[in-house]
Amino acid sequence: MIQLRSLTAGYNGKPVVENVTLEFRPGQVLALLGPNGSGKSTLLKAALGLIPVMGGQVLYDGADMTSLSHRQIAQKAAFLTQNRPLSSILGLRMVLHGRFPYLSYPRRYSKADYAIARQAMDATGTRPYENTNISKLSGGQRQGIYLAMALAQKTETILMDEPTAYLDIRRQLEFVQTARTLAREGKAVVLVLHDIPMALRSADRIAVLSGGKLLCCDTPEAVYADGTLDEVFGVSVHRMDTPHGPQYYCVAKEAF
């Protein structure tokens, strides 16, 4: 389990997130919500050691992150980043990059590595693109390849920064099911989302950031009820009970 204790982090000596205490719990989907610039992506990067920690601690299974190598961290947590340079590479070769933390240099993939990569592509519906250059794929198809790469990393925790950004509505719903499946398998899944209703429907816990501060972290029902989302986003969040469970929608408080 990854634990953030009074975490402060930012860039060029300037804090972006301050004094955040949060846990990424196995078997749960945690949705991280907040306005643009609230520190969501910064929080994930600090938790992965991609940017310096300015204060507090990041613990991996009780061990301070500073005692771990980058390779050890990569064996424990995978990161599906929001923006990625477009590469000219076949789908399977990209997914195999998820095996890097387990390989020495020069990298030579084993039969087991290929099997794990193909299994990840099957899980994300990207196996048909195994021999397709990803530069020829749509944004949603590439996102599926990147998700397969994260799954091939075989980590206990998966952090995803706006993973549904390039997906149509069907793929978004399928992605949510994938996240739920990963949690049922015992993984800690952390999603940065802008879709409030999707987060409320799919997450076990909701953490809300604003101005670099963690305002709350609780069940979707509790976060909805306390009005934090309305205050932070300037919208009115509503709930309807349906035969398919509670559904949420947002209404603007004022016209722009």
Side-chain angles (χ1 to χ4, degrees), residues 4 16-44 47 80-83 124-125 139-140 143-144 147 157-184 187-256:
L4 314 181
V16 175
V17 293
E18 297 184 75
N19 198 33
V20 173
T21 295
L22 189 62
E23 294 181 347
F24 303 158
R25 298 175 183 171
Q28 289 192 352
V29 175
L30 170 68
L32 192 57
L33 301 179
N36 290 334
S38 59
K40 303 182 297 297
S41 298
T42 299
L43 185 70
L44 295 191
L80 182 61
T81 184
Q82 179 181 0
N83 297 308
T124 56
Q143 193 73 342
L147 175 57
T157 302
I158 300 181
L159 311 180
M160 308 187 205
D161 194 356
E162 297 191 41
T164 62
Y166 301 105
L167 305 182
D168 59 36
I169 184 61
R170 176 186 170 186
R171 298 300 182 190
Q172 289 180 28
L173 294 174
E174 290 175 346
F175 173 83
V176 168
Q177 290 304 314
T178 299
R180 296 297 323 161
T181 298
L182 293 171
R184 285 194 296 271
K187 295 184 183 295
V189 181
V190 182
L191 309 176
V192 170
L193 295 174
H194 279 295
D195 189 325
I196 295 173
M198 177 183 289
L200 290 169
R201 289 194 307 267
S202 60
D204 297 292
R205 292 184 299 144
I206 304 284
V208 182
L209 282 174
S210 182
K213 307 286 188 180
L214 180 64
L215 300 187
C216 65
C217 182
D218 212 326
T219 64
E221 294 81 4
V223 173
Y224 163 73
D226 71 12
T228 299
L229 296 172
D230 295 37
E231 179 181 350
V232 169
F233 288 96
V235 298
S236 181
V237 183
H238 298 270
R239 169 178 167 150
M240 295 177 58
D241 292 320
T242 77
H244 303 287
Q247 301 295 315
Y248 300 87
Y249 64 95
C250 301
V251 177
K253 289 185 177 180
E254 299 178 1
F256 292 95

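By convention here, the first residue in the shown sequence is residue 1.
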Residue list, ring pair (Phe, Tyr, Trp, His ring centres under 6.0 Å) with His238, at least two apart or on another chain: Tyr249
Side chain to side chain contact (heavy atoms under 4.5 Å, CB included) partners of Thr21, counting only residues at least two apart: Ser6
Test item: Lys40 side-chain N/O and Pro35 main-chain N/O as donor-acceptor pair under 3.5 Å: yes
Option from Leu33, Leu215, Asp218, Ile196 for which side-chain contact (heavy atoms from CB on, under 4.5 Å) with Val223 holds: Asp218
Distance-minimising heavy-atom pair for Val29 and Ala183: CG2-CB, 3.8 Å
Atom CD of Glu231: over 12 foreign heavy atoms under 6.0 Å: no
Full working for side-chain hydrogen bond (donor to acceptor under 3.5 Å, both in side chains) between Gln28 and Arg205: CA-CA 8 Å; Gln28 289 192 352; Arg205 292 184 299 144; 2.8 Å; yes
Leu147 and Met160: CA distance, side-chain angles, deciding distance, side chain to side chain contact (heavy atoms under 4.5 Å, CB included) verdict: CA-CA 9 Å; Leu147 175 57; Met160 308 187 205; 3.8 Å; yes
Atom pair OG/CZ of Ser210 and Phe233 - distance to nearest 0.5 Å: 8.5 Å
Ala203 versus Pro220, closest heavy-atom pair with distance: O-CG, 3.2 Å
Verdict with supporting geometry, His194 and Asn36, side chain to side chain contact (heavy atoms under 4.5 Å, CB included): CA-CA 9 Å; His194 279 295; Asn36 290 334; 3.1 Å; yes
Value rounded to 0.5 Å, distance of OH in Tyr224 from CG in Asp230: 8.0 Å
Leu43 vs Leu209 side-chain heavy atoms within contact, under 4.5 Å: yes
Side-chain heavy-atom pair Ser236, Cys250 within 4.5 angstrom cut-off: no
side-chain hydrogen bond (donor to acceptor under 3.5 Å, both in side chains) assessment of Asp161 paired with Ser41: CA-CA 7 Å; Asp161 194 356; Ser41 298; 2.6 Å; yes
Between CZ on residue Arg201 and CG on residue Asp195, distance to nearest 0.5 Å: 6.5 Å
Pro163: which of Val189, Leu193, Val176 passes side-chain contact (heavy atoms from CB on, under 4.5 Å): Leu193
Test applied, side-chain contact (heavy atoms from CB on, under 4.5 Å); reference residue, Thr164; option that passes from Gln172, Arg171, Gln143: Gln172
Check against side chain to side chain contact (heavy atoms under 4.5 Å, CB included), Leu30 and Leu191: CA-CA 6 Å; Leu30 170 68; Leu191 309 176; over 6 Å; no
Nearest non-hydrogen partners of Gly212 and Val20, listed with the distance: O-CG2, 4.0 Å
Contact check, side chains of Leu182 and Ile158, non-hydrogen atoms, under 4.5 Å: yes
Derivation and outcome, salt bridge (charged side-chain N to carboxylate O under 4.0 Å, His left out), residues Asp204 and Arg180: CA-CA 9 Å; Asp204 297 292; Arg180 296 297 323 161; 2.9 Å; yes
Spatial distance of atom CG (Leu44) from atom OG1 (Thr81) [nearest 0.5 Å]: 9.0 Å
SG on Cys217 to CG on Leu22, rounded to 0.5 Å: 5.0 Å
Nearest-0.5 Å distance, CG of residue Leu4 to CG of residue Leu214: 9.5 Å
Heavy-atom closest pair, residues Val17 and Gly39: CG1-O, 3.3 Å
Minimum side-chain heavy-atom gap Leu159-Val192 below 4.5 Å: no
